[in-house]
Amino acid sequence: MVLSWNEIRERAVLFSKEWENTANEEADAKPFLVEFFNVFGISRKRFASFEYRVKKLDEKDGYIDLLWKGTILIEMKSRGKNLDKAYTQAKEYLHGLRQHELPKYILISDFENFRLYDLEEDTIIEFKINELVKNVQHFGHILGYPKKIFREQDPANIKAAELMGKLHDRLKEIGYEGHPLEVYLVRVLFCLFAEDTSIFNKQQFQDYIEQRTSEDGSDLAAKLQELFQVLNTPKEKRFKNLDEQLADFAYVNGKLFDENLPMASFDSKMRRALLECCYIDWSKISPAIFGSMFQSVMNPVERRNLGAHYTSESNILKVIKPLFLDELWQEFESIKENKNKLPEFHKKLSKLHFLDPACGCGNFLIITYRELRLLEIEVLAAIQKGQQVLDIRGLILIDIDQMCGIEYEEFPARIAEVAMYLIDHQMNMLISSRFGDYFARLPLKKSPNIVHGNALQIAWESVIPKDELSFILGNPPFIGSKIMKQNQRDEVIKQFENVDGSGVLDYVTAWYIKAAKYIQDSKIKVGFVSTNSIVQGEQTAILWGQMLYKYHIKIHFAHRTFRWSNEAKGNAAVYCVIIGFANYDTDSKVIFDYEDIKGAAHEIKARNINPYLVDAKDILIEKRRTPICNVPKIVFGNMPNDGGHLLFTDEEKNEFLQKEPQAEKYIKPIISAHEFLNNEKRWCLWLVDSDPAERKKLPEVMKRMALVEKYRLASSRKATNKLANTPMLFGEIRQPSGKYILIPNTTSENRKYIPLGFFDKNDILTNSCSSVNSTATIYHFGVLTSAMHIAWVKYTCGRLKSDFRYSNEIVYNNFPWAENPDKKQIIAIEKAAQKVLDARALFPNASLADLYHPNNMPPALVKAHNELDKAVDLAYRPQPFTSEANRMVFLFELYEKYTADLFTKEKVKKKRKEK
């Protein structure tokens, strides 16, 4: 039985509650472990045995509590026993196992505490039994999921960036600012890296400051100016009487120290700040990540959320591994014993060229370059196997001129160049260590091609010819359509050649379409990180209609929505997708799926990846005014547009009615998504169809109307000004005439179901909700609150941050309802839906937000929903749906069938009109 992660988490909660209070004497390992594996849907037949006998090192018999050969060894102890000793005991058992029996994991537990040792990755996960629900993903291996592991960066990066921020602030305070300040700090940054990475001698820069400058800092600026000049001068051209400490510095070149800068000025505090920077070991800091963080220190506002807008190494690897790196490693593994093919493969690596058309500080290019050099090291090791390497310099083929970038701002573009030099040197030091032959590229000769300019206006061919380029990658700007500047919107519309709807597209889509144009008739592959808005909601059809049908793009791999993460103090809450595409098709398509958007991904092989990142045909879901199926219509709620003058809290309502008791018949409950989900009350003055003469007799009502009129007249929108003519009414009125189903327009993605509810015409609905009109029945309620509908919502709706943003025209009107369900199936759904309502009614004091909290759903409600899901599924087909992705494949096929019929009917109607 294959369980979803949500089902596993539900079982984990029940397991934890059952066992966390078990007394010591009652604890029995066997039933405990049987139930533990049952959490994951694993029956006892799958694993070997309990009390598995092995010979220990001392030749005595030992008994493993549970061994699943080749997978996991589990050792249980009584509560409070030493888990370190238990782990030592478990490791001793390994000596008595055959090679094929050796586990990948060891789990140690005392029924309360768990320690999971990953023997391959040499990592430990530790948690208590009541935290199992948060840690089930670490047991994905027992379900057969290949877990993706990505390296995270060194947290010292933040400390380093903050220290540079101190120095930046002090220089700015004295009036040294703008372009000179930026270049000055780039030079200091290079020197800090250089002395810890063998470009300079160890602590050479630090010693120079400590030994050649006074403590008050008065001569520090002059000494640094002199150093920068020396670093830009070949040794043979330096003054013969130069201070020996200065003369000992290497010649750097690379245009880094070319520009003449105005003299800075330092004091004792600034000197101390610079020395604090020297005291960090910069060799442990990633140039890829630090570049963006260093850029952040230039802006005090950005520094409050330091690092929030850069891409972490783990996210970069999510792009480059499926884009090219995994394939290159596979090719290397297949030929590493073939001395004839290895040189050709090595040459192939040196011919690869990469373009990041929004490179910022060069994060993607740096990590790409590092990974290529790491592969090159293994290639050279295989080529030189059994031979002594005398001159490694002549064997290295990969160089930084294979990396190209375009960056809108000059400063990060220059940072990217310097960071490329630094990562190149770090890799040279690594190769020196590996082969025992020192290699450094000084003076700098080749350079990365980083162009300062607007990527949407520059011809990419001018940066690198198309026939030389291999891959395009990066994370173009995350600027939503609603917050774009007009010039940015104009750039998007221009790239899309004024296609209908292009004005509502996010900024990132312009990079997608420009890349699609550039790669025509080529084998160039593209991999972009972007916000998930481009695969959900109304933007999907506009963007991918062009990508698929005009430019014949095929998606090769995709990461479904995941949370953007980095090491910053205030992590930016951005929800992203990664899409890899090309102008040709491939049989090796992969979707990376996230059961938990904050967790790890698992791979799904796909026959096709459509714009919604589903293994289904390339179908686009466009806005529709009416449903594709014969179901009740849906409309938005009423929009007050009243400045709050027609609305009341409980207290305000009571106060108002004390003054104006005759107005009570006009007071109605008003329901927004917030009130609905949180069981709160609010009220409104509902004057639809009220008598003007009667209103005039109610002075408090007239006061409210006057305030609404004043509010609307003050608006800058003409449409709102016009509404001042009817101050007694809501700005937009779409109140149902009878009983209706309420659907909140925004709801948390953490909920397994979208809570819905029944209301009548006297419950005034706001525009934060939609209503399915008065012909809606409990059958419709049942389908809309089922797993089948929520799967459709997840893949087609837009998002507000990560929350679902329900769309009438895209989600509801395009939802494929079950085809011709029979009476028995409809009755089954109605009965199951009523049980859901009955289960809710058991908890009158709980809000829907309480009842549908992912880890807090009452068992009775969980059971009722499970029964409803089964009833709805059976109305679609007799075979069960094994996963959410499986549902979506089915729903897309059904959608295609429904819309094909609609298209045929529209053609028939058109022909009749013509006749």
Side-chain angles (χ1 to χ4, degrees), residues 121 146-153 286-289 311-336 341-342 344-357 359 362-382 396-400 402-405 419-420 423-424 426-427 430-431 434 448 469-475 515 519 523-529 555-559 562 576-582 584 586-592 600-605 609:
E121 297 296 329
K147 191 166 184 179
K148 291 287 167 188
I149 296 169
F150 300 101
R151 298 187 295 276
E152 285 296 345
Q153 56 273 19
S286 163
I289 303 311
T311 313
S312 67
E313 288 192 35
S314 63
N315 286 339
I316 293 170
L317 288 168
K318 288 174 185 175
V319 176
I320 68 174
K321 281 168 69 67
L323 183 64
F324 65 88
L325 194 59
D326 287 343
E327 196 173 309
L328 290 176
W329 273 100
Q330 288 165 12
E331 185 177 351
F332 168 66
E333 291 295 335
S334 69
I335 64 163
K336 67 180 180 182
K341 290 185 177 180
L342 280 169
E344 280 303 309
F345 177 69
H346 190 196
K347 188 177 180 182
K348 171 184 171 178
L349 295 181
S350 71
K351 299 292 183 185
L352 297 176
H353 286 83
F354 301 82
L355 170 66
D356 182 346
C359 71
N363 310 27
F364 275 84
L365 297 176
I366 294 160
I367 300 300
T368 294
Y369 184 73
R370 182 191 72 191
E371 294 300 314
L372 275 183
R373 289 293 303 273
L374 289 172
L375 177 55
E376 182 182 40
I377 290 172
E378 297 308 315
V379 172
L380 289 172
I396 297 170
L397 300 182
I398 295 174
D399 212 332
I400 56 175
Q402 293 173 238
M403 304 292 141
C404 304
M420 285 299 305
I423 194 67
D424 181 54
Q426 285 183 349
M427 299 317 298
L430 183 62
I431 206 166
R434 179 74 176 267
L469 187 60
S470 312
F471 302 98
I472 299 172
L473 70 172
N475 63 310
I519 66 175
K523 291 294 182 182
I524 300 168
K525 286 173 68 176
V526 184
F528 282 151
V529 181
I555 298 176
H556 288 201
F557 70 89
H559 280 260
F562 65 95
C576 298
V577 293
I578 295 171
I579 301 177
F581 60 90
Y584 62 92
T586 179
D587 294 329
S588 305
K589 296 186 179 79
V590 179
I591 296 171
F592 296 89
H602 62 271
E603 287 185 32
I604 302 171
K605 300 293 182 186
I609 304 174

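Along the sequence shown, residues carry numbers from 1. From a predicted model like this one, the values you see are computed outputs, not experimental measurements.
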Starting at [atom1] of [X], measure out to [atom2] of [Y] and round the result to the nearest 0.5 Å.
X	Y	atom1	atom2	answer
Gln330	Leu325	CD	CG	10.0 Å
Lys336	Phe345	NZ	CZ	12.0 Å
Ile320	Glu313	CD1	CD	9.5 Å
Lys605	Ser588	NZ	OG	7.0 Å
Lys341	Phe332	NZ	CZ	14.0 Å
Leu349	Leu375	CG	CG	5.0 Å

- Message: Check the orientation of Phe592 and His559. Use parallel for under 30°, tilted for 30 to 60°, and perpendicular for over 60°.
- Response: parallel
How close do [X] and [Y] get, heavy atom to heavy atom, and via which atoms?
X	Y	value
Ala419	Ile366	CB-CD1, 3.3 Å
Ile578	Phe557	CG2-CE1, 3.9 Å
Leu323	Gly527	CD1-N, 3.8 Å
Ser350	Leu397	CB-CB, 3.7 Å
Ile423	Met420	CG2-O, 3.2 Å
Ile472	Pro357	CG2-CD, 3.8 Å

- Message: Let's go through Leu372 and Met403 carefully: what are the C-alpha distance in whole Å and the side-chain angles of both, what is the deciding distance for side chain to side chain contact (heavy atoms under 4.5 Å, CB included) to 0.1 Å, and is it a yes or a no?
- Response: CA-CA 11 Å; Leu372 275 183; Met403 304 292 141; 3.9 Å; yes
Side chains of [X] and [Y]: closer than 4.5 Å at any heavy-atom pair?
X	Y	result
Pro448	Leu365	no
Tyr369	Asp399	yes
Asp356	Thr368	no

- Task: Please say whether more than 12 non-hydrogen atoms of neighbouring residues, nucleotides or ligands are located less than 6.0 Å from CD in Glu378.
- Result: yes
- Query: Please walk me through it: do Ile519 and Phe581 pass side chain to side chain contact (heavy atoms under 4.5 Å, CB included)?
  - Reply: CA-CA 10 Å; Ile519 66 175; Phe581 60 90; 4.2 Å; yes
- Query: Does the side chain to side chain contact (heavy atoms under 4.5 Å, CB included) test come out yes or no for Leu374 and Arg370, once each step is laid out?
  - Reply: CA-CA 6 Å; Leu374 289 172; Arg370 182 191 72 191; 4.3 Å; yes
- Message: Before you tell me yes or no, could you show the steps for Asn363 and Asn475 under side chain to side chain contact (heavy atoms under 4.5 Å, CB included), namely the whole-Å CA-CA distance, both residues' side-chain angles and the distance that decides it to 0.1 Å?
- Response: CA-CA 10 Å; Asn363 310 27; Asn475 63 310; over 6 Å; no
- Got a donor-acceptor contact below 3.5 angstrom from the His556 side chain to the Tyr584 backbone? yes
- How far apart are the C-alpha atoms of Glu376 and Arg373, what are their side-chain angles, what is the distance that settles it, and do they pass the salt bridge (charged side-chain N to carboxylate O under 4.0 Å, His left out) test? CA-CA 5 Å; Glu376 182 182 40; Arg373 289 293 303 273; 3.3 Å; yes
- Message: Quick check: Phe354 with Phe324 (ring centres under 6.0 Å apart)?
- Response: yes
